[in-house]
Every structure is written in structure tokens, then in C-alpha cells.
Amino acid sequence: MTISLTRRAALTGAAALPLAAGTALPAAAEAHGGGKPGLPRARGFALGEMSVTTLLDGTIPRDGAKAIFGGGASDADFARVSAENFIPADMAQFFFTPTLVESGGQKILFDTGLGQGGIATALAEAGVSPDQIDVVVITHMHPDHIGGMMTDGVPTFPNARYVTGRVEYDFWSKMDPGNRVGDLVASNVAPMAEKMSFLEDGGAVAPGITAMASFGHTPGHMGFMLESAGQRLVLTADLANHYVWSFAHPEWEVRFDMDKAAATASRRKVLGMLAAERVPMIGYHMPFPAAGFVETRGAGFRFVPVSYQMM
Ligand SMILES: [Zn+2]
């Protein structure tokens with residue numbers, strides 16, 4: 001009893017510290033975009049001559065995991081796969097993880113987070129300020145990826161040029177007013193259109209960084225292949241949105257996937273390639289630091305989180 005009280009007191013003390021230190025984030029933003037106090041926000045990896053850093057913009061628990069990630073699964077199957085992987089079946093911890101790639105003297109940021117300040121905090125932990133970002137790449141235009149493009153109506157990354165998929169931009173920029181995502185694209189993305197270049201499948205962001213169409217989650221969703229000095233890594237973005245359920249059963253429908261069948265086909269194709277060729281991946285919603293490997297397991301796959309590879 002003494003020990004547990006002591007530990008609880010210690011945890012409470014640790015949790016209170018950042019607030020006592022006077023963080024500028026309001027309480028709601030801290031809960032949503034802030035992550036756990038003390039949780040690292042930036043993790044660097046070496047890939048050939050590139051430096052790759054995952055940036056934790058935020059993390060939050062959500063109830064109703066089966067309804068979000070288990071479309072088409074029986075309750076029994078969903079519970080069994082969860083138990084086999086040591087996670088609860090009734091909640092999911094969401095992570096939001098933009099990635100910074102430094103290559104050829106350029107700082108290239110993939111996605112910008114929820115727009116609650118987490119990305120600036122994570123970048124600061126990596127020793128980078130927003131005005132140092134040369135290129136912002138948008139994998140797709142859901143709010144948790146474009147929310148951080150603007151801060152109080154002003155571009156968060158004032159010196160950046162922008163890159164995104166042609167199909168994705170054309171889809172969302174033609175929405176009628178009143179669509180939640182379309183309205184956010186109008187306020188956060190469209191103002192940058194003249195500094196933006198638009199990619200087709202296979203198009204290059206910079207030398208060694210190539211777009212890989214993986215449509216389904218959204219109409220123009222794209223991942224990116226990084227290649228440097230013979231090493232490869234794929235930024236899969238929102239191809240697979242839960243590290244257990246979406247890998248074990250790529251066919252289980254995910255509420256956020258706009259075209260369920262296309263999303264499943266993209267998961268099978270890309271995860272199959274990553275497993276066969278033993279290429280590491282970074283997934284935007286994987287548990288931080290969001291990097292790992294893929295192996296085949298039965299009729300599906302398994303995500304193998306990174307440990308000390310690529311240090
Ligand atoms: Zn997302």
C-alpha cells in the first residue's frame with residue numbers, strides 16, 4: 001500500500017510538472033494534441049544519407065474501436081485478435097505522426113498534424129523551427145493531416161513550397177461549401193495553391209523521394225518511397241490505420257476509409273510488397289515512434305515495431 005501510494009504521488013507530481021512550468025497550450029489542446037507529459041515527441045532514424053525524424057503531433061484514446069476498425073468482423077473475431085495481440089478490444093489509442101526528412105540540404109515535412117500546436121513542439125524537440133521547413137508534402141487532405149498548415153490564419157511554415165497529389169487536391173478543392181473537409185481545404189490548403197506542385201503516381205518530391213498512389217482511404221491518398229544509398233523506407237501515411245487490426249485483417253473495413261474496397265486492395269498490395277522485400281515503413285497512425293517492419297501472418301500481416309534498427 002505504501003509503495004502504491006508513493007508511486008501514485010510520484011506519477012501525479014510528474015504529470016503536474018509541465019503545467020506548473022507554464023505551457024502555453026490550453027487544457028483542451030493539451031489533452032488532444034499534447035500527448036502524455038514526458039512522452040518523447042521526436043525520434044530520428046538514419047536512412048543512407050537521409051535523416052528521417054518522426055514527430056508526435058498528438059495522441060488520444062478513443063472508445064468504440066470495433067465500430068471504427070472492425071467493419072465486417074464478428075465481435076468474437078475482433079475480441080480474439082485483440083487478445084492475441086495484448087490490446088483491449090473496446091478502445092484504441094490514436095497517434096498522429098508527421099515525418100521530417102532531411103535530404104540534399106532540404107528539410108521536407110510530410111503532413112502537418114491536427115493544428116493544435118503539437119507539430120511545433122515536436123519540431124522544437126528535433127531542433128527545427130517552422131520557418132526552416134523547405135517543403136511541406138501533404139499525403140491526403142483529412143483534417144488531422146492539414147490542420148497544422150495554418151496557425152491563427154497564417155501559414156505555419158512561411159518559407160515552404162508545397163507538394164501534394166493532383167487527384168487529391170482536385171477532389172477536395174471542388175467540394176461545395178458546408179463539407180467539413182472541403183471547408184478546411186479551402187481555408188488551409190487552397191491559399192497555398194500557387195506555391196504548390198501536384199504529383200501523379202511515381203512523381204518525385206526531391207531526388208530519392210517518390211509518390212506511390214495508394215487510393216482508397218481518400219480518392220487521391222499517396223504514400224512516399226524514400227531511397228538513399230541503397231536503403232529504402234516507405235511513408236505509408238493512412239494506408240493502414242491500426243497496427244494490429246488493419247494488418248491482421250486488411251479486409252476489415254475502417255470507418256475513415258472513403259472507398260472500403262479500394263483501401264483494402266491498397267493495403268494488400270503495399271503491405272505485401274513491404275513484407276516480401278523487407279522494407280521498413282513509417283505509418284502516420286502507428287504507435288510512436290511510428291516506424292516498423294511488416295511480416296506476413298496467416299492471410300494477413302503483422303506490424304513489427306522498430307527497436308534499434310536505423311539508429
Ligand atoms: Zn489520418
Side-chain angles (χ1 to χ4, degrees), residues 29 32-35 41 54-65 67-71 91-101 109-119 122 136-150 156 162-165 167-169 171-172 175 179-185 187-189 211-224 234-247 250 252-260 262-264 266-267 270-271 281-292 303:
H32 196 80
R41 297 269 202 144
T54 56
L55 302 163
L56 183 61
D57 175 68
T59 180
I60 185 173
R62 284 261 189 97
D63 293 330
I68 298 171
F69 294 106
M91 66 79 70
Q93 185 74 28
F94 281 38
F95 297 83
F96 303 89
T97 318
T99 296
L100 175 69
V101 177
L109 179 67
F110 290 79
D111 292 330
T112 65
L114 296 153
Q116 298 171 347
I119 184 66
V136 173
V137 181
I138 300 298
T139 63
H140 67 293
M141 296 190 183
H142 275 163
D144 54 318
H145 298 255
I146 64 171
M149 291 179 73
M150 291 280 193
T156 307
Y162 296 82
V163 180
T164 196
V167 174
E168 186 73 0
Y169 184 76
F171 178 82
W172 292 112
M175 281 283 150
N179 177 280
R180 187 174 71 97
V181 180
D183 289 352
L184 193 63
V185 169
S187 68
N188 278 21
V189 184
M212 296 171 58
S214 50
F215 300 164
H217 179 69
T218 60
H221 175 274
M222 282 181 158
F224 290 86
V234 174
L235 304 178
T236 57
D238 283 20
L239 174 83
N241 279 341
H242 192 275
Y243 83 104
V244 166
W245 302 308
S246 303
F247 283 70
W252 284 357
E253 294 182 350
V254 178
R255 185 195 286 161
F256 311 121
D257 289 344
M258 293 173 68
D259 182 332
K260 315 290 190 208
T264 290
S266 287
R267 274 194 284 281
V270 176
L271 296 180
M281 61 167 275
I282 290 170
Y284 192 82
H285 296 293
M286 299 299 100
F288 194 75
F303 180 69

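Ligands are counted one by one from 1 in listed order, and the atoms in each one are counted from 1 as well.
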Colleague: Could you verify whether a donor N or O on one side chain and an acceptor N or O on the other, from His140 and Asp238, lie under 3.5 Å apart?
Modeller: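 Present: a donor and an acceptor within the cut-off.
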Colleague: Going by the angle between their ring planes, with limits at 30° and 60°, are His217 and His221 parallel, tilted or perpendicular?
Modeller: perpendicular
Colleague: Check all N, O or S atoms of Asp238 and name the one closest to the Zn ion (ligand 1).
Modeller: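 Relative to the Zn ion (ligand 1), the closest nitrogen, oxygen or sulfur of Asp238 carries the name OD2.
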Colleague: Pick from Thr99, Ile119, Thr156, Val101: which one makes a side chain to side chain contact (heavy atoms under 4.5 Å, CB included) with Leu109?
Modeller: Ile119
Colleague: Looking at the Zn ion (ligand 1), is one of the N, O or S atoms of His145 less than 2.8 Å from it?
Modeller: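 For His145, the answer is yes, given that an N, O or S atom comes within less than 2.8 Å of the Zn ion (ligand 1).
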Colleague: Any N/O/S atom, backbone or side chain, of His140 lying under 2.8 Å from the Zn ion (ligand 1)?
Modeller: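 So His140 does not count as coordinating the Zn ion (ligand 1).
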Colleague: Restricting to N/O/S, name the atom of Asp144 that gets closest to the Zn ion (ligand 1).
Modeller: OD2
Colleague: Under the 3.5 angstrom rule, does the side chain of Thr97 hit a backbone N or O of His285 as a donor-acceptor pair?
Modeller: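 No; zero donor-acceptor contacts below 3.5 Å.
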